[in-house]
Amino acid sequence: MQAELCWLDDPRVYRVNQMPAHSDHRYFGSEEEYRSGETAYKKLLNGKWKFCWSKNAMTRPADFYREDFDDSGWDEIAVPGHIEMAGYDRINYVNIMYPWEGHEYRRPPFAPSSEGQRDDLFSGAEYNPVGAYRRRFDLPEEMRGKRVSLFFEGVEQAMYVWLNGKFIGYAEDSFTPSEFDITDAVREKDNLLAVEVHKRSTAAYLEDQDFFRFSGIFRDVSLMARPELHMEDLWIRPQYEPDAGRGEVNVRLRFFARERKDISKSCCRAVVYDRGGQAVAEGEIFLTDDSIAGSGNAEGGVSGCSSTEGGIVENCIAECNIQMAMPGKVTPWENGNPYLYRLELRLYGGDGSLLEIVPYEFGFRRIEIENKVIKLNGKRLVFCGVNRHEWSAESGRCIGEKERQWDMDCMKKNHINAVRTCHYPDQIPWYYLCDREGIYMIAENNLETHGSWGKADCLDATWNVPGSVPEWEDATMDRARTNFEVFKNHTAILIWSLGNESYAGETLRKMYEYMKEADPDRLVHYEGVSFYPEYKPFISDIESRMYAYPKDIREYLEKEGDKPFILCEYMHDMGNSMGGMKSYMDLIDQYEMYQGGFIWDFIDQSLLVEDEVAGKRVLRYGGDFDDRPADYEFSGDGIVFGDRTEKPAMQEVRYYYGKYGK
């Protein structure tokens, strides 16, 4: 297969040769690796890459992926990182508008108002920058002879990949992982990886979030190796009965093998440990050519595997379940006591050799709606939440462990108990951190199409996507599916969000149905349906609104309330804001169906730059980079400045959230 530039212009093409999305579990090849926390099955490719920037696709070095291409005159760029933050291209902040408005006329392909426009909207655009990346690497000895993949955790916005001159694949969806099997293309020595990143494609219509419009490889890039039999996916589904205090856990496993003989007679053993390291449950499955058998070990007070199901299917994939009942009462997971159990899975080959160890921490908790009230573990839940962009004043949306930990410490210190990942999936480590620290999550899908329907003075849905436009359905559904598959094991996720400010329509309805079928144990949220009331019964489990006045909330709860109410955004903290917080917090005690909200937002999107007059570094906001269109200081509406200094408004948050968020 050859790469086609026209994919940039067609919403029906959004992933080419990508591996299916799977759980974000780690895996180790030996007990020694597991104890050390380092695995030979993973190698980071971060660092300095060769780089060339072009203003558009017509002027890019189209054959840069060839092995005989001369890149000696190229610059170097840091990966991960934004192209704009490295000094190429222009920095631009926009809220609702698409970044080309006022410069070019574009409408989404296949939308009613798109008739008569050019077909090469992005591939033939005069301005649509392209970043060409090249990196050489040797395959580590431990990975040789194994199945190997390339794992990109985040690339904005459309990416073509080649290895050793061979086209590997294409990806969109900037904020979820893209993985490609490179087993047949990789060499032991001197591999050439070439990645071409286009700033915009039709994916831009689905990624119109309120943020700076960056591009590039901005999250980690890794090589991943797999043993001959590999645990490709797992889904841990703990079940908890609050009244009885009982729990059981069902683990669904999917294995991949290059040959059927690698599956035959293999074995997977599961052990659950409590916080003190005591084994409290275990089970075992055996994979054979025609069946999967289960057994349990009830010695030493350990309960066993009560049922298994599944079998080997074509393409050398095996699927099975292990169900384990927990002895006695379990300790539930919640804010204030985020109790996690540790599941350890050990996979053995037919000869008894250890192939891999997969650990995963999980908690027992139950999220449900009872009598129109959201309850966690049988008790009414109150969200003292914030919306959080990933942000650094130094490096934009490319952040690290230091920034993540600071954010978490700040939230806990100020009694913030919940976070909405506005408006895209976050870096994988953030979900683990929320699990460990007991922060409730609304996990948002990478979808916002605000500019295709929302205008400053009116609603205009005549060119809205995805809406009910069939050609946009698959790409949009794929984003929801990937978000679910990658993060499904995280206890902190109580609610899936279909996206933000994307109006409504048949595609959103189908996304809701998919999420409810795939994961009946969680709730599903979507605020944008408030603009399209005909779909209210079909898209969200919750009445979710933005910036509703307290009187409007009272009116809903007293007259028409048929769902629990949250404010997914409120207290827009821009300038001298936060003064009316009490009027919202009073509602918590007055109405059981009112269950709190999420402040907009946690941190200013501002950048540290050298002031040409003062000669010192200052924080700059949208519009300060001669960017047009721009929404100017609207990028500064956090309770924390961009340099992570708390604003005076934080004292309001700490006081009122201190009553309910502990």
Side-chain angles (χ1 to χ4, degrees), residues 17-43 137-151 163-164 168-169 177 179-189 191 222-235 251-271 283-295 308 310-322 343-360 485:
N17 292 344
Q18 282 190 60
M19 298 171 64
H22 57 79
S23 55
D24 63 355
H25 62 280
R26 299 177 301 155
Y27 53 98
F28 302 88
S30 68
E31 298 289 353
E32 293 74 21
E33 283 188 4
Y34 179 36
R35 286 193 295 269
S36 71
E38 299 293 332
T39 175
Y41 287 145
K42 179 177 181 178
K43 174 183 172 60
F137 66 90
D138 294 335
L139 191 65
E141 290 186 13
E142 297 85 353
M143 293 187 174
R144 296 173 186 175
K146 294 180 171 60
R147 183 176 171 229
V148 181
S149 66
L150 266 172
F151 191 82
L163 184 64
N164 299 325
I168 299 298
E179 189 171 13
F180 304 93
D181 191 324
I182 58 170
T183 306
D184 295 334
V186 71
R187 301 187 293 241
E188 291 187 358
K189 296 281 189 180
N191 291 279
S222 306
L223 290 173
M224 305 295 294
R226 291 156 167 80
E228 56 267 27
L229 177 61
H230 170 63
M231 194 178 300
E232 195 76 19
D233 184 73
L234 76 150
W235 189 17
V251 185
R252 187 191 70 189
L253 303 170
R254 186 171 74 243
F255 304 95
F256 178 91
R258 297 176 70 174
E259 299 181 40
R260 293 182 67 88
K261 67 179 179 62
D262 293 327
I263 295 178
S264 182
K265 299 181 181 179
S266 59
C267 169
C268 184
R269 294 174 185 159
V271 181
E284 188 173 65
I285 57 168
F286 295 93
L287 308 179
T288 64
D289 282 335
D290 54 7
S291 68
I292 295 178
S295 67
T308 61
I312 294 175
V313 295
E314 61 183 10
N315 298 323
C316 299
I317 295 174
E319 295 183 348
C320 64
N321 290 341
I322 305 177
L343 172 68
E344 291 184 3
L345 297 159
R346 283 173 172 78
L347 183 59
Y348 297 90
D351 60 358
S353 61
L354 178 64
L355 298 178
E356 63 181 7
I357 303 171
V358 175
Y360 214 106
E485 291 291 355

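In this structure, Arg144 contributes its side chain and Leu139 its backbone to a donor-acceptor pair below 3.5 Å. Ser36 contributes a side-chain N or O that, together with a main-chain N or O of Glu38, makes up a donor-acceptor pair within less than 3.5 Å. Asn164 places a side-chain N or O within 3.5 Å of a backbone atom of Ala185 that can act as its donor or acceptor partner. One N or O on the side chain of Glu33 and one on the backbone of Ala40 form a donor-acceptor pair closer than 3.5 Å. Listed for the Ser23 side chain is a donor-acceptor partner under 3.5 Å among the backbone atoms of Leu234.
The only option from Asp233, Leu345, Asn321, Leu287 that meets the side chain to side chain contact (heavy atoms under 4.5 Å, CB included) definition with Leu253 turns out to be Leu345. Remark: of the listed residues Asp181, Thr183, Asp184, Asp181 is the sole one forming a side chain to side chain donor-acceptor pair (under 3.5 Å) with Arg147.
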Requested in this report: Run the numbers on Glu31 and Arg346 for salt bridge (Lys or Arg N to Asp or Glu O under 4.0 Å), then give the verdict.
Outcome: CA-CA 10 Å; Glu31 298 289 353; Arg346 283 173 172 78; 2.8 Å; yes
Query - Worked check of side-chain hydrogen bond (donor to acceptor under 3.5 Å, both in side chains) between Tyr41 and Glu356 - result: CA-CA 10 Å; Tyr41 287 145; Glu356 63 181 7; 5.8 Å; no
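Atom-to-atom distance recorded for Ile357:CD1 and Glu32:CD is 8.5 Å, nearest 0.5 angstrom. Rounding to the nearest 0.5 Å gives a distance of 9.0 Å between CZ of Phe137 and CZ of Arg187. Separation of atoms CG (Leu355) and OG (Ser30) is listed at 12.0 Å; rounding is to 0.5 Å. Gln18 CD to Ser149 OG: the interatomic distance, rounded to the nearest 0.5 Å, is 11.5 Å. To the nearest 0.5 angstrom, Glu344 atom CD is 10.0 Å from Phe28 atom CZ. The NZ atom of Lys42 sits 10.0 Å away from atom CE of Met143, with the distance rounded to the nearest 0.5 Å.
Phe256 does not carry Arg226 over the face of its six-membered ring by the limits of under 6.0 Å from the centre and within 45° of the normal.
Listed here is the closest heavy atom pair of Ala257 and Ile263: CB-CG1, 3.4 Å. Contact record, Leu223 with Val148: CD2-CG1, 4.3 Å, taken as the closest heavy-atom pair. Summarising the geometry of Cys320 relative to Ile285, their closest heavy-atom pair is SG-CD1, 2.7 Å, with the distance given to 0.1 Å. Considering every non-hydrogen atom in both Asn17 and Gly169, the closest pair reads CB-CA, 4.1 Å. Of all the heavy atoms in Pro177 and Phe151, the pair that sits closest is CB-CZ, 3.4 Å. When all heavy atoms of Leu343 and Ala270 are compared, the closest pair comes out as CD1-CB, 4.1 Å.
The 12-atom threshold is not exceeded at NZ of Lys43, counting heavy atoms of other residues, nucleotides or ligands nearer than 6.0 Å. Shown here is Glu141, whose CD atom has no more than 12 heavy atoms of other residues, nucleotides or ligands within 6.0 Å.
Side-chain contact between Tyr348 and Glu284 is absent, with no heavy atoms from C-beta onward closer than 4.5 Å. The shortest distance between side-chain heavy atoms of Glu319 and Arg254 falls below 4.5 Å. Phe255 places a side-chain heavy atom less than 4.5 Å from the side chain of Leu347. Side-chain contact between Val186 and Leu163: present, with at least one pair of heavy atoms (C-beta onward) separated by less than 4.5 Å.
The aromatic rings of His25 and His230 lie parallel to each other, with less than 30° between the two planes, well short of the 60° mark.
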